[in-house]
Number of protein chains: 2
Amino acid sequence: MSVLSTPSASLNWREQSGCLYHDLRVRLRNAGLRPTRQRVGLGWLLFARGDRHLTAEGLYEEASKARVPVSLATVYNTLHQFTEAGLLREVAVDGAKTYFDTNTTQHHHFFVEGENRLLDIEGQEIEVATLPAIPDDMEIVRVEVVVRLRRKEV
Amino acid sequence: MSVLSTPSASLNWREQSGCLYHDLRVRLRNAGLRPTRQRVGLGWLLFARGDRHLTAEGLYEEASKARVPVSLATVYNTLHQFTEAGLLREVAVDGAKTYFDTNTTQHHHFFVEGENRLLDIEGQEIEVATLPAIPDDMEIVRVEVVVRLRRKEV
DNA sequence: TTACGTGCAAATAATTTGCAGTCCC
DNA sequence: GGGACTGCAAATTATTTGCACGTAA
């Protein structure tokens, strides 16, 4: 499997040139985002390795290691721009930090307490059977399920 | 219905004297917490009006209005002590703030985007049909469902 | 009395913002 | 060239902590 061809990373691409770097730039431009050095660098880190759950701080550290010159403020800005453009999804779990998920398809999450790790639950593996009535003037944006896990006592 | 006799507020009380103030003190002591002026004051605000979803800041404001002399730091400490003692439940939703729920029974939540409001979904109204396999060395702590709502466009 | 609590202010932690300078198209 | 983007540092927001003082048992 090509590094940029995971389902969620490739789903809406308009072009597939075979050059992954070029494809990323096209993808950004299609999202209305100028493919600047830092956006391409961060996009590469985010989308080139399959589905990931990252915090801003985490991505910033990866960028440093990968010699992508970027400031923490720009990492925050970029993550929000990517989210707005539909390339990422913000995930709400316990804890102060915000996680960003490269898998934007319908799915849910495991959250490992203590380790603060997020794992995908694929769409079919969980199912919400019945939904309660909601007020007339409201509509459902999304249903989020978080299964909290803990490492068993030994 | 007596103000201190909502299901979740009265569930585990050992004594019911008829004096709600006294009952609260007993409840705190049973939880291993000395019934100090601020704990009783905050407990009163939390448990005397049915199920509530409050942030630390929100409770602090209520306390000010109710002339309960307490500092914001103590509100935070008290909320965490109550949570540890099982009198409250922390709820993880989007946004930076932490919510505390006086309903500690099994149930889920609506979250109204924009208004940042939390509403209970009673246990029977929603149902998770199938759960995915989890690693051998893990156990499920809790399954949390958040149904995000948005006010309809007019 | 005396350990447990509390208030205050300072410390953290995560995130956002303002603005001068830089870079893509 | 010009507007979009970025870096930096300072500002915000939510929360925690350290320590002198107060209070319930």
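Values below: all heavy atoms of this structure, side chains included; hydrogens, waters and symmetry mates excluded.
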(request) Measure from CG on A:Leu28 to P on C:dC25 and round the result to the nearest Å. (result) 10 Å

(message) OP1 or OP2 of D:dT15 versus the side-chain N and O atoms of B:Thr98: is any pair under 4.0 Å?
(response) yes

(message) Looking at B:Thr74, I'd like to know whether one of its side-chain N or O atoms comes within less than 4.0 Å of OP1 or OP2 on C:dT6.
(response) no

(message) Check A:Arg142 with B:Glu113, please: is the shortest side-chain N to carboxylate O separation under 4.0 Å?
(response) no

(request) Take the angle between the ring planes of A:Phe111 and A:Tyr99 and call it parallel below 30°, perpendicular above 60°, tilted in between. (result) perpendicular

(message) A:Glu115: which residues meet the salt bridge (Lys or Arg N to Asp or Glu O under 4.0 Å) condition with it, sequence neighbours left out?
(response) A:Arg117, A:Arg151

(request) Using a 4.0 Å cut-off on protein heavy atoms (strictly under), produce a 5'-to-3' string for nucleotides 16-25 of chain D with B for base contact, S for backbone-only sugar-phosphate contact, and - for none. (result) BB-----SSS

(message) Taking B:Arg148 first and then A:Glu144, would you say they form a salt bridge - that is, a charged N and a carboxylate O separated by under 4.0 Å?
(response) yes

(message) Tell me the bend of the helix from C:dT1-D:dA25 to C:dC25-D:dG1 as the angle between end helix axes, each from five pairs, rounded to the nearest 10 degrees.
(response) 30°

(request) Tell me, please, which residues at least two apart from B:Arg29 pass salt bridge (Lys or Arg N to Asp or Glu O under 4.0 Å). (result) none

(message) Heavy atoms within less than 4.0 Å of DNA chain D: which residues of residues 52-66 of chain B have one? Give them sorted by number.
(response) none

(message) Using whole Å, what does the distance between atom P of nucleotide C:dC4 and atom CZ of B:Arg39 come to?
(response) 11 Å

(message) Suppose the criterion is side chain to side chain donor-acceptor pair (under 3.5 Å): which pairs have a residue in residues 81-90 of chain B, not counting sequence neighbours?
(response) B:Arg39-B:Gln81

(message) Determine whether a donor-acceptor pair (N or O, by modelled atom type, separation under 3.5 Å) exists between the side chain of B:Thr74 and the backbone of B:Val70.
(response) no

(request) Find the distance A:Glu84:CD to D:dA4:P and express it as a whole number of Å. (result) 16 Å

(request) Report the distance from atom CG of A:Leu33 to atom P of C:dC25, rounded to the nearest whole Å. (result) 12 Å

(request) Could you tell me how the ring of A:His80 sits relative to the ring of A:Tyr76: parallel (under 30°), tilted (30 to 60°) or perpendicular (over 60°)? (result) tilted

(message) Rounding to an integer number of Å, can you tell me how far B:Lys97 NZ sits from C:dT15 P?
(response) 16 Å

(message) Could you check whether atom CG of A:Asp136 has more than 12 heavy atoms from other residues, nucleotides or ligands sitting under 6.0 Å from it?
(response) no

(request) Kindly indicate, with the supporting measurements, whether the criterion salt bridge (charged side-chain N to carboxylate O under 4.0 Å, His left out) is fulfilled by A:Arg49 and A:Glu62. (result) CA-CA 13 Å; A:Arg49 300 185 205 230; A:Glu62 284 204 8; 5.2 Å; no

(message) I'd like to know if A:Glu139 and B:Arg150 make a salt bridge, using a cut-off of under 4.0 Å between side-chain N and carboxylate O.
(response) yes

(request) Compare side-chain N and O positions of A:Gln81 against OP1 and OP2 of D:dC5 and report whether any pair is under 4.0 Å apart. (result) no

(message) Tell me whether the side-chain N/O atoms of A:Gln38 come closer than 4.0 Å to OP1 or OP2 in D:dG7.
(response) yes

